[in-house]
Amino acid sequence: MSQVSENLKSVHLKLQKKIHLHERNSDDVKIVAVSKRQPDVKIKQALESGHRLFGENRVQEATEHWAGYRDQYDDLKLHLIGPLQTNKVKEAVALFDVIETLDREKLAIALSKEMKKQGRTLPCFIQVNTGNEPQKAGIAPNELDSFIQFCREQDLNIVGLMCIPPVNEPPALHFAFLKKLADQYSLKEISMGMSADWDKAVAIGATYVRIGTGIFGAREQ
Ligand SMILES: *Cc1c(COP(=O)(O)O)cnc(C)c1O
């Protein structure tokens, strides 16, 4: 068995234990395998072990990784988990199945226009800057209300919220905050938790965890 395959198996096992412990349903939480800056051989190993849900943070690189696998695996699901520039929207809408990083009005307008043009309605998560960090992408929590409304006026299908907590704060505080916001707006999907803290995110209500190094090992430069 490949290392990637073993890692996937072990993450699934731990996830099921967590899910059981917190009395959630076994299919409540999905694993987004983050394949950014990983070699093709490892991506192939994940596919061969049956995994179909992947996350990428850059449009260009994602196209290089995945365009060729689309025809081979028709149940493949790709999430964009990194910042999206409006000049990459066309390519992103064509490639991805879900956009997790909707974070500004200009992008909402561009996505809406392009989805209509391509006839593809991708579910979107709004990225929330839960720590109000000036350098970080995401909608400030106090602007979320009006931003959700704005996105809906653009006919975007907002299914959930996503966050990346500040590196030097306990992530659980931010996970709990994101969960509270999702509940407040009746948004079902919550994308939070990475290799180091996904178990905490599951305890608090994540429906998607984004795991890179925990599945594929260290990334290439
Ligand atoms: C890279 C990345 C991850 C995965 O991080 P790991 O620590 O390798 O699990 C998750 N979410 C986002 C947004 C990322 O950019």
Side-chain angles (χ1 to χ4, degrees), residues 32-40 43 52-74 76-167 178 187 189-192 194 208 210-212 216 219-221:
V32 179
V34 178
S35 49
K36 68 183 186 200
R37 305 207 308 279
Q38 295 290 351
D40 181 61
I43 293 175
R52 293 293 181 267
L53 174 53
F54 295 86
E56 290 277 351
N57 71 332
R58 295 182 61 210
V59 179
Q60 188 66 44
E61 186 193 346
T63 304
E64 285 159 21
H65 275 172
W66 293 104
Y69 286 121
R70 270 292 182 199
D71 299 336
Q72 246 173 298
Y73 299 94
D74 56 7
L76 189 65
K77 292 267 181 275
L78 297 178
H79 285 211
L80 178 65
I81 61 166
L84 178 56
Q85 261 109 53
T86 46
N87 64 356
K88 295 279 171 61
V89 159
K90 184 177 172 188
E91 212 181 330
V93 169
L95 179 73
F96 288 97
D97 300 286
V98 173
I99 306 290
E100 291 203 16
T101 47
L102 176 52
D103 64 353
R104 58 200 192 279
E105 291 191 352
K106 195 180 162 201
L107 179 60
I109 293 167
L111 277 171
S112 167
K113 203 171 142 197
E114 189 58 35
M115 286 184 201
K116 283 174 184 164
K117 201 166 154 190
Q118 295 190 26
R120 281 171 61 78
T121 313
L122 278 57
C124 296
F125 290 64
I126 292 170
Q127 183 174 353
V128 182
N129 187 357
T130 55
N132 278 307
E133 294 173 281
Q135 82 287 6
K136 192 169 271 180
I139 289 287
N142 64 0
E143 287 166 8
L144 183 58
D145 193 288
S146 63
F147 187 65
I148 291 173
Q149 205 176 321
F150 182 84
C151 291
R152 290 187 170 146
E153 283 162 9
Q154 309 300 313
D155 301 320
L156 287 171
N157 178 20
I158 306 300
V159 298
L161 302 178
M162 176 268 207
C163 79
I164 307 169
V167 285
L178 195 70
L187 294 168
E189 308 298 348
I190 307 173
S191 172
M192 57 187 189
M194 315 203 283
Y208 287 92
R210 309 178 306 264
I211 306 180
F216 296 105
R219 278 181 282 274
E220 295 172 335
Q221 286 317 296

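No hydrogens, no waters, no symmetry mates; every other heavy atom, side chains included, goes into these values. Residue indices begin at 1 and follow the sequence shown.
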Evaluate side-chain contact (heavy atoms from CB on, under 4.5 Å) for Glu189 paired with Val98, printing each intermediate quantity in order.
CA-CA 12 Å; Glu189 308 298 348; Val98 173; over 6 Å; no

Gap between atom CD1 of Ile99 and atom CD of Gln127 - 0.5 Å precision:
12.0 Å

Return the minimal non-hydrogen interatomic distance between Pro123 and Asp97, and the atom names on each side.
CD-O, 3.3 Å

How far does SG of Cys124 sit from CE of Met162, to the nearest 0.5 angstrom?
12.5 Å

Search all heavy atoms of Thr130 against all heavy atoms of Pro141 and return the closest pair with its distance.
CA-CG, 4.3 Å

Atom NZ of Lys136 and atom SG of Cys163: how far apart are they, to the nearest 0.5 Å?
8.5 Å

Is the distance between the ring centroids of His65 and Phe54 under 6.0 Å?
no

Minimum heavy-atom distance between Ala140 and Asn132, given as atom pair plus value:
CB-OD1, 3.7 Å

What are the two closest non-hydrogen atoms of Ala108 and Leu156, and how far apart are they?
O-CD1, 3.6 Å

More than 12 heavy atoms of other residues, nucleotides or ligands under 6.0 Å from CZ of Arg37: yes or no?
yes

Is there a side-chain contact (heavy atoms from CB on, under 4.5 Å) between Ile126 and Leu187 once you walk through the steps?
CA-CA 10 Å; Ile126 292 170; Leu187 294 168; 5.7 Å; no

Is there a side-chain contact (heavy atoms from CB on, under 4.5 Å) between Arg219 and Gln38? Walk through the geometry before answering.
CA-CA 6 Å; Arg219 278 181 282 274; Gln38 295 290 351; 3.3 Å; yes

For Gln85, what residues pass the side chain to side chain contact (heavy atoms under 4.5 Å, CB included) criterion, not counting sequence neighbours?
Asn87, Lys88

Gln154 backbone acceptor or donor facing Ser112 side chain under 3.5 Å
yes

In the structure I gave you, are the side-chain heavy atoms of Thr86 and Arg104 within less than 4.5 Å of one another anywhere?
yes

To the nearest 0.5 Å, what is the distance between CG (Asn157) and CE (Met115)?
8.5 Å

As an exercise, state the distance from CD of Glu100 to CG of Leu122, rounded to the nearest 0.5 Å.
11.5 Å

So do the side chains of Ile164 and Arg210 get within less than 4.5 Å of each other, counting heavy atoms only?
yes

Atom NZ of Lys113 with >12 non-hydrogen neighbours under 6.0 angstrom
no

Between Glu56 and Ser35, which heavy-atom pair has the shortest distance, and what is it?
OE2-OG, 2.6 Å

How long is the straight-line distance from OH of Tyr208 back to CD1 of Ile190, given to the nearest 0.5 Å?
12.0 Å

For Leu95 against Trp66, the heavy-atom pair lying closest together
CD1-CB, 4.5 Å

Close side-chain approach of Ser191 and Val32, heavy atoms under 4.5 Å:
no

Phe147 side chain reached by Ile158 side chain, heavy atoms, under 4.5 Å:
no

For the pair Gln118 and Lys90, evaluate side-chain contact (heavy atoms from CB on, under 4.5 Å) and give the outcome as yes or no after the intermediate values.
CA-CA 9 Å; Gln118 295 190 26; Lys90 184 177 172 188; 3.9 Å; yes

